[in-house]
Amino acid sequence: MSAGRAGDGPPDAGSPVAGAESRALRDVIYEQLRDEILSGQVSPRERLTEPKLSKAFAVSRTPVREALARLLADGIVERTDYGYAVVAPSLADLRDLYELRVTLELRGIARAIENPEVRHDHVLLREELQRWLPLRDHPPEPAAAFVMLDEQFHITLSRASGNAQLTAALVGVNQKLRVVRRHDYVEAERVTTTVAEHIEILELVLEHRLDEALRALHRHVGESLEVVMQRATVAMTRMTLAS
């Protein structure tokens with residue numbers, strides 16, 4: 001957990017619970033815990049208990065208990081003998097989630113191919129392309145945080161296709177996969193390949209070469225589910241070793 005949250009006394013002005021008059025404490029605590037878990041700041045091996053969290057947030061156990069109950073209902077944490085822990089997806093769950101992700105990703109472009117009235121938002125796509133073009137010449141260092149840039153690309157591509165519910169479903173799947181996928185960007189070649197493929201897909205959609213864009217996106221997100229699962233297995237191993 002974030003070390004900046006710990007403390008025995010009342011929260012200072014920079015703490016997550018300070019200035020929370022307009023929102024219930026349970027919502028503030030829930031949102032910070034959720035964000036830290038989904039960004040990988042909380043290890044699957046770390047035990048989340050009411051006493052520990054109430055001390056960290058400098059609040060009573062009641063809002064902590066309510067926040068944990070929401071996280072449990074979301075499927076983000078699970079009960080253990082000594083409190084709660086982050087849910088680590090099984091390989092079977094990962095296979096299902098990756099398969100769903102591919103379906104949702106491809107549907108955004110496929111619906112524009114099937115229906116000429118569906119038009120991608122080129123303003124959104126051009127803005128996203130401008131974020132990625134500089135990375136082709138100056139790729140970022142391999143790091144877990146790269147997964148957030150990757151997610152932004154895929155969410156923007158989906159949003160540009162105009163189906164808000166499709167995008168919302170993709171956001172949910174990506175959140176569940178993030179705990180594993182953040183360990184998938186530890187090699188420079190993986191990062192540079194991802195950057196190049198993102199640029200290619202954006203340029204193809206902007207040029208309205210949708211059939212080619214669909215094939216490129218399919219290759220990118222995992223034309224072979226077995227290859228995707230091999231990467232996921234390696235990522236899960238790294239996640240375990242880093243815990």
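Since the structure is predicted, the reported quantities are computational estimates derived from the model, not experimental observations.
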| message | Would you say CD of Gln165 has more than 12 non-hydrogen atoms from neighbouring residues, nucleotides or ligands within 6.0 angstrom? | response | no
Distance from [X] atom [atom1] to [Y] atom [atom2], nearest 0.5 Å?
X      : Y      : atom1 : atom2 : answer
Leu210 : Leu217 : CG    : CG    : 11.5 Å
Leu124 : Leu206 : CG    : CG    : 10.5 Å
Asn163 : Leu104 : CG    : CG    : 10.0 Å
Tyr82  : Leu48  : OH    : CG    : 15.5 Å
Asn174 : Met148 : CG    : CE    : 9.5 Å
Glu128 : Ile199 : CD    : CD1   : 10.5 Å

| task | Ignoring hydrogens and angles, state whether a donor on the side chain of His220 or His154 is under 3.5 Å from an acceptor on the partner side chain. | result | yes
| said: So that I can tick it off, tell me whether Glu31 and Arg26 are bridged by a salt bridge, with the cut-off set at under 4.0 angstrom between side-chain N and carboxylate O. | reply: no
| request: Answer yes or no: is there an ion pair linking Arg190 with Glu187, defined by an N-O contact shorter than 4.0 Å? | output: no
Can you give me the closest heavy-atom contact between [X] and [Y], atom names plus distance?
X      : Y      : result
Pro142 : Ala188 : CG-N, 3.4 Å
Val77  : Leu68  : CG2-O, 4.1 Å
Lys52  : Thr49  : CB-OG1, 3.1 Å

With heavy-atom distances below 4.5 Å as the criterion, would you say the side chains of [X] and [Y] are in contact?
X      : Y      : value
Arg136 : Trp132 : no
Tyr84  : Thr80  : no
Ile29  : Leu53  : no
Leu25  : Phe57  : no
Phe146 : Val191 : yes
Glu46  : Val86  : no
Tyr185 : Thr194 : yes

Same cluster or not: [X] versus [Y], using hydrophobic residues (I, L, V, M, F, W, Y) connected whenever any side-chain heavy atoms lie under 4.5 Å apart?
X      : Y      : answer
Leu100 : Val87  : no
Leu97  : Val171 : yes
Ile201 : Val118 : no
Val102 : Leu204 : no

I need the full list of salt bridge (Lys or Arg N to Asp or Glu O under 4.0 Å) pairs touching [range], with sequence neighbours left out, sorted by first then second residue.
range            : answer
residues 160-173 : none
residues 74-94   : none
residues 196-205 : Glu200-Arg219
residues 148-169 : Arg101-Asp150, Asp150-Arg181, Glu151-Arg178

So, using side-chain hydrogen bond (donor to acceptor under 3.5 Å, both in side chains) as the criterion, who are the partners of [X] when residues are at least two apart?
X      : result
Thr167 : Ser158
Glu189 : none
Gln130 : none
Gln175 : none

| said: Listing request: all side chain to side chain donor-acceptor pair (under 3.5 Å) pairs with a residue in residues 63-72, at least two apart in sequence or in separate chains. | reply: Asp27-Arg70, Glu50-Arg65
| field | Qualifying ring pair (Phe, Tyr, Trp, His ring centres under 6.0 Å) pairs with a residue from residues 28-54, counting only residues at least two apart or across chains | value | none
| task | Apply side chain to side chain contact (heavy atoms under 4.5 Å, CB included) to the pair Phe153 and Leu202, showing each step before the final yes or no. | result | CA-CA 9 Å; Phe153 163 81; Leu202 288 167; 3.5 Å; yes
| request: Could you tell me which residues satisfy salt bridge (charged side-chain N to carboxylate O under 4.0 Å, His left out) with Arg119, sequence neighbours excluded, listed by chain and number? | output: none
Which pairs of donor and acceptor atoms, one on a side chain in residues 106-117, lie under 3.5 Å apart (sequence neighbours left out)?
from, atom 1, to, atom 2, distance (Å)
Arg107, NH1, Glu114, OE1, 3.1
Arg107, NH1, Glu114, OE2, 2.9
Arg107, NH2, Glu114, OE1, 3.0
Arg111, NH1, Ser161, O, 2.5
Asn115, OD1, Glu117, N, 3.0

